[in-house]
Amino acid sequence: METIRCLILGSGPAGYTAAIYAGRAGITPVVYEGLQPGGQLTTTTEIENFPGYPDGIDANEMMDDLRRQAERFGAEIRSAICTQADLSQTPYKLTFDDGSQVACHTLIIATGASAKYLGLADEEKYRGQGVSACATCDGFFYRKKRVAVVGGGDTACEEASYLAGLASKVYLIVRKPYLRASKAMQERVLENPKIEVLFETNTIGLFGEDGVQGAHVVYRKGEADERTYDIEIDGFFLAIGHKPNSDLFKPWVETDELGYIVTEGMTPRTRVPGVFAAGDVADPLYRQAITAAASGCKAAIEAEKYLAAHKL
Ligand code: NDP
């Protein structure tokens, strides 16, 4: 079986940055791109908050650049998806959806997190055309426009408050008669004159010619006073939670109650020696491209140190 010195799972900013550093360090990284080559960023359009691009950059272009930069330093990029991991003994063994199996001395888990969506066909239809799961990424495009945020937790409240600083009007669509967010976040939302909270409301569809122009919503579905109506919006933001892509590794590494991989202090070290976690799979808080890239860098430095210490 092939044994790889530094295997990186995932091809978002964390995975590719790890590959750039590992490549330059001469530890011959192999990147498995995974389910969504280029990572979550490829679901957005333009990136304006990644340092170094004063005029912004198309998300796909940035991911292509990162990929080419990783390849320039010798990273090998493969396209299979990991389906099984055995981290019980070194070298660690991974199985992929094409049936292949490899072993590795160090593993960088940069499999990211997936934003949850409601499951409406219209979310797919308008993805990148008014539907987003990241206010920090895309909010800027809705200056002086009307937007809706779905969710009643801290993320939804935070995103609604952030968007209220840009947009002319923010609807917060909450399925329950109350917000689940912390008291402080609730107050911020409820006191903001630009935010209108639509309690006990669910979205059933979106409409619009060239992108989102509105949402069909239903108030108190199934009750005597059920009412279906439309709201006019240009942007529809999902904030109903993220799911870290850590399931395969749960038997081995420590995860928190939400499934995020727990790392040691400020390092990307997991409790399995030589196995590191970088990016959104280990970050319930920041979830930004730049923070993911930074943790990918740390993971590669750790992998290099580990290989050197073990003479591998
Ligand atoms: P949460 O799981 O806390 O909240 C998800 C929200 O989405 C809930 O209001 C939930 O409704 C709603 N929801 C879920 N599924 C659907 C659906 N299908 N349709 C409509 N609504 C839906 O996720 P968050 O991302 O908000 O937060 C995750 C964790 O991160 C939390 O622990 C939070 O406290 C923390 N966090 C902290 C922040 C801070 O401190 N500044 C900022 C952001 C997050 P319901 O209530 O009905 O289940």
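Just follow the structure's listing: the first ligand is 1, and inside any ligand the first atom is 1. Bear in mind the structure is a predicted one, so any value in this text is a computation, not a measurement.
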Query raised in the report: Can you find a protein heavy atom under 4.0 Å from atom 31 (C) of ligand 1?
Result: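 There is no protein heavy atom less than 4.0 Å from atom 31 (C) of ligand 1.
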Query raised in the report: Protein heavy atoms: any of them under 4.0 Å from atom 18 (N) of ligand 1?
Result: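 It does: a protein heavy atom is found less than 4.0 Å away from atom 18 (N) of ligand 1.
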Charged N-O contact under 4.0 Å between [X] and [Y]:
X: Lys183; Y: Glu187; result: yes
X: Lys125; Y: Glu123; result: no
X: Arg67; Y: Glu33; result: yes

Side chains of [Y] and [X]: any donor to acceptor distance under 3.5 Å?
X: Asp280; Y: Gln40; result: yes
X: Ser114; Y: Asn245; result: yes
X: Arg146; Y: Tyr171; result: yes
X: Ser182; Y: Asp154; result: yes

Query raised in the report: Going by distance only, is there an N or O of Gly152 that falls short of 3.5 Å from an N or O of ligand 1?
Result: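 Looking only at distances, the answer is yes, because the N/O contact criterion of under 3.5 Å is met.
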**Report entry** ligand 1 N/O within reach of Arg287 N/O, cut-off under 3.5 Å
**Finding:**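 No, no N or O pair falls under 3.5 Å.
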Which residue and non-hydrogen atom of the protein lie closest to [atom], and at what distance in Å?
atom: atom 11 (O) of ligand 1; value: Arg175 NE, 3.3 Å
atom: atom 27 (O) of ligand 1; value: Thr155 OG1, 3.6 Å
atom: atom 48 (O) of ligand 1; value: Arg180 NH2, 2.5 Å
atom: atom 22 (C) of ligand 1; value: Ile240 CG2, 3.5 Å
atom: atom 23 (O) of ligand 1; value: Gly241 CA, 4.1 Å

Output the list of atoms in ligand 1 that are nearer than 4.0 Å to some heavy atom of [X], sorted by atom number.
X: Lys176; value: 45 (P), 46 (O), 47 (O), 48 (O)
X: Glu158; value: 41 (N), 42 (C)
X: Gly153; value: 4 (O), 6 (C), 8 (C), 9 (O), 26 (O)

Report task. Report the part of Leu118 (side chain from C-beta onward, or backbone N, CA, C, O) that has a heavy atom under 4.0 Å from ligand 1; answer both or neither where that applies. Result ->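 Contact part for Leu118 vs ligand 1: side chain (C-beta onward).
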Query - Asp154, Leu285, Leu258: member with heavy atom nearest to atom 29 (C) of ligand 1 - result: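 It is Leu258 that holds the nearest heavy atom.
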Requested in this report: Measure the acute angle between the ring planes of Phe96 and Tyr32, then classify it against the limits of 30° and 60° as parallel, tilted or perpendicular.
Outcome: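 Parallel: the ring planes of Phe96 and Tyr32 meet at under 30°.
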Query raised in the report: In Å and rounded to the nearest 0.5 Å, what is the CD to NZ distance from Gln101 to Lys93?
Result: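 Atom-to-atom, Gln101:CD and Lys93:NZ are 8.0 Å apart.
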